[in-house]
Amino acid sequence: MKIALNDVEGGLGRPNTSAWPGIAFQTIVTLLVAFLVIAPLLPLMLQAFIDRPLYAEAPEFSLAAFARLFTNAEFYHALWNTALFAVSTTAIAQFFGISGTLLLARTDIPGRRIASAVFFWPLFVSHLVLAFGWIVGFGPSGFITGIYTRVFGEAPWNLYSMAGLSFAAGTALAPLTYLYCASSVKTMDPSLESAARISGCGPIRTLWSVTIPLLKPAIWSSASLNFMLAIELLSLPLLLGGPAGLKFLITFLYEEGIEANSPDYSLVAACSILLIGIISLLLIWQARSMGDTRRYVTVSGKASRQRMLSLGGWKWPLFMIMVIYLGVTVVCVLGAVLLRASTSMISPYVPVTQLLTFSNFQALIAFPEYIRSIVNTALVALIGGAIGTVLIGATAVVSLRSNWPLRTLLQTVALYPRAVPGLLVGIGVFWAVAWIPGLNIIQNTIWILIFAVLMRHFPTGFGAVTPSLHQISRDLDRSARVSGATWLTTMRRIVAPQLYTPLAACFVLLVVHFVKEYASVVFLFGPGSEMIGTTMLSFWVQGEQGSVAALAVLQIAMVAVLLGIFRLIFKVKLYG
Amino acid sequence: MAEVVISDLVQHYGNVVAIDGVSLRVKDGELVSLLGPSGCGKSTTLAALAGLERPTSGIITVGDVPFFDSARSIYVPPEDRNCGLVFQSYALWPHMTVFDNCAFALRLRKINRSEQKRRIMEALELVEMQAYFDRYPYQLSGGQQQRVALARTLAYEPAILLLDEPLSNLDAKLRERARTWLRQLQKKVGLTTIFVTHDQSEALSMSDRVAILNGGKIVQFDTPQAIYDLPADVFVADFIGSGALVFGQIEATANDLHTVRLPDEQCIAIRLSYSGRVGERILIAVRPEAITLLGAEAQSSTRTLMGRVENPSYLGARYGCDFRFGETTLRIETDLVVRGVCSDSVKAELADIRYAAFPST
């Protein structure tokens, strides 16, 4: 509505404005996000409650799938293993992550700069690659196991066991704990520790009774995050647990959904819904019990330098333990991949220098499918990252900086994919594409891959942008509105320019996750829609260890180059 | 330039009532302060005027144009109101230079480039910042940012000017200077201005009229002198100035003059703004400047109090001390060297003025 001001107004009058472009923008963003998130979940929901496949005619409501699930002995076996695996993995990840934080961020342990960088490495590597690394290095026929057996006799470890699997998974997730705790330590007031020391408290006691209690929110949120990640982890349970005969919910779904000749769709859907339900409950419990603690972490302008606690006589023994830990879990595992990629085989009986070869890398360019998987990965990562960044930025401003009536709902929907394991995103997208009329044109193209990886990692990108948006004073928007700018103009001209750096970080984060992605795309893999992750899995099934390793090295190199460019341009590290 | 009329404005946030029926008429070209403790609803009223919050009910009219009218479902969004708002945080857009900050609103109004430049330089000149047009906000001091924020607002000649505690982020000395400067500027430009502050000396020294808010209501709307001399209720008497409220019971009345018995049984005869019945319990507002310490040899009168001097302190030009009788303590300032007179029985005299008084509930 326009009202002419009277002549008393004088001056320049008001600008010509219209609220419609803003409302149209908000509507489109909401519809896009709703489609992205709900389209893959809807077929899963429906399929669980009908008696025949979705594509069949005249489906009838039925709870038979749940009945079949709850009478299936394998399901209980898988449920028990999943619980055991998630608990032990979380415990191991927390133990190493917290110890790492305390040692590297709070004490004068030698070499802590290099060590904390090395500690982070697994974060940038796909869990699939880590699984290969563990098998090539420490598996029953791994080369480190071989060397150990030759020198000391039988190796005391068995990677293909619940303990071996949990250890590998726990150390793979420990960097996340470290990430949460270390950023919490950095914002901590150093005088709290100084006060304890002055009151006569020793360094170890100070860490135990002052530092750790202050880290509690970070410890809890990383623990619940790791627990959920362990439940949905596919690669390690599949590759390490499979040979040991261990079944988990996620591998149960993988086998029933992908490998079975005539899949029981309703059973898969029922089990998926159960899994999504469990993770949703965990997320709700997490939100209730502590709120989102990261929301309150702000950039503090305080320049006070933290004094590192002196370890005294413990310094060198702890240093040795740290070197062994990083040596085994990071250097050996990644080194095994690199070594395997550049040799024709690894054997304790033949010197490595005689086995060096480029043939593994040459094999990658021998077949168009392999080249396509590399090109697709790059395209999915860059195009998906760009689309994702734009949509995430738009979702963030609509849900946090507008009066849009659906803004709270929009935020909930945008964050919901956290509750959906990657494998199930893949199943959901696959079914949605087959089921929703007209959507099948994206089958066997990179667009189906982009759909899946974008849905899966939408919350990750969203979480990277929102803290920065919260830190931008609302007065900036308000003053632009009062000066005569509509909501849309304000977002475009005032808020967006403040978000360049967080949006760039979001883009790189998405690209890194997309390059690493395998769980959500194994289901979508077909001629034309291969990715490095899916090709690695199919090489593995064929026993082509050398090619798997070569692809893994390529994937790591892609991530490393990306992070290097990001650091050069923005002069900041993505993590920490 | 326009008259601002707010009638019966109500703002609820869930169960919380932020504004509870505010009515206000600000004349053309007038500077009115909204003064009150934090949470009294002053900033909410300003946000409702600017259109940043949509009130629950009421009417806002600026120069005959309805900005908000709940009964007729009228709500004009902020961008269509042509108001100017200066924030406590200044809210200069950090990615734009001073010039671009000022140009933003002009570009939205499709003003041509040469006219833009003329207006911006004129506005910057008005706030004495023309030399800084190509700087970025982070290169400016707090005081300079505050001036730019004002220039940015004046450049597009808004219908009314709204100021949300624009001086509270400045240091004490600068704030004094900014008050005079801002008041002169407002008179020169002649903009109807509404000024939100929690600083009473700022409100009293700058405004044509002051509206005092408490608990979401306007408790008094008058000139600074009237508010200081004749507070409308106990809240205003306590909030304005650094005086104290003294309990008493009316013993006798003769015309204006009331004889009041204080809690420690002393009696004084003073003029009161409130004519109570004999025997009624009242509260009397006593400003520090209304009480003078007397030397021991001075003559007593009906307005003389006996008490003790405590907590003397040296203030530079003068001395400060507590004058205590019974359970009542009055903070006073004096030229006497109080360290010498510190004793148990000191005489003090109340000035021969009319005191604001209220029935004690």
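Since the structure is predicted, the reported quantities are computational estimates derived from the model, not experimental observations. Quick note: numbers below take in every heavy atom, side chains included, and nothing from hydrogens, waters or symmetry partners. Just so we're on the same page: letters track the sequence lines, and every chain starts at 1.
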Name, in order of residue number, those residues of residues 90-100 of chain B that have a heavy atom at a distance of less than 4.5 Å from a heavy atom in chain A; otherwise write 'none'. A91(B), L92(B), W93(B), P94(B), H95(B), M96(B)
Honestly, the part of A155(B) sitting under 4.5 Å from a heavy atom of chain A is backbone
Verify the neighbour count for atom CZ of F104(B): are there more than 12 heavy atoms of other residues, nucleotides or ligands below 6.0 Å? yes
Kindly indicate whether the side chain of R152(B), heavy atoms from C-beta on, has any atom under 4.5 Å from the side chain of S479(A). yes
Under 4.5 Å to a heavy atom of chain B? For A480(A) that would be both
So for atom CZ, which belongs to R118(B), do other residues, nucleotides or ligands contribute more than 12 heavy atoms lying within a distance under 6.0 Å? yes
Quick one: closest heavy-atom pair of A105(B) and S483(A), and the distance? CB-O, 3.6 Å
Quick one: pull up CZ in R478(A) and CG in D164(B) and give me the separation to the nearest 0.5 Å. 8.5 Å
At their closest point, which heavy atom of R481(A) faces which heavy atom of P77(B), and how far apart are they? NH2-CB, 4.4 Å
Measuring heavy-atom distances to chain B, does R474(A) have an atom under 4.5 Å in its side chain, in its backbone, in both, or in neither? neither
In this structure, CZ of R493(A) is separated from CZ of R107(B) (nearest 0.5 Å) by 6.5 Å
With chain B, which of D475(A), T490(A), N403(A) has the greatest number of heavy-atom pairs at distances under 4.5 Å? D475(A)
Please list, in residue-number order, every residue in residues 41-54 of chain B that has a heavy atom less than 4.5 Å from any heavy atom of chain A; write 'none' if there are none. A50(B), L52(B), E53(B)
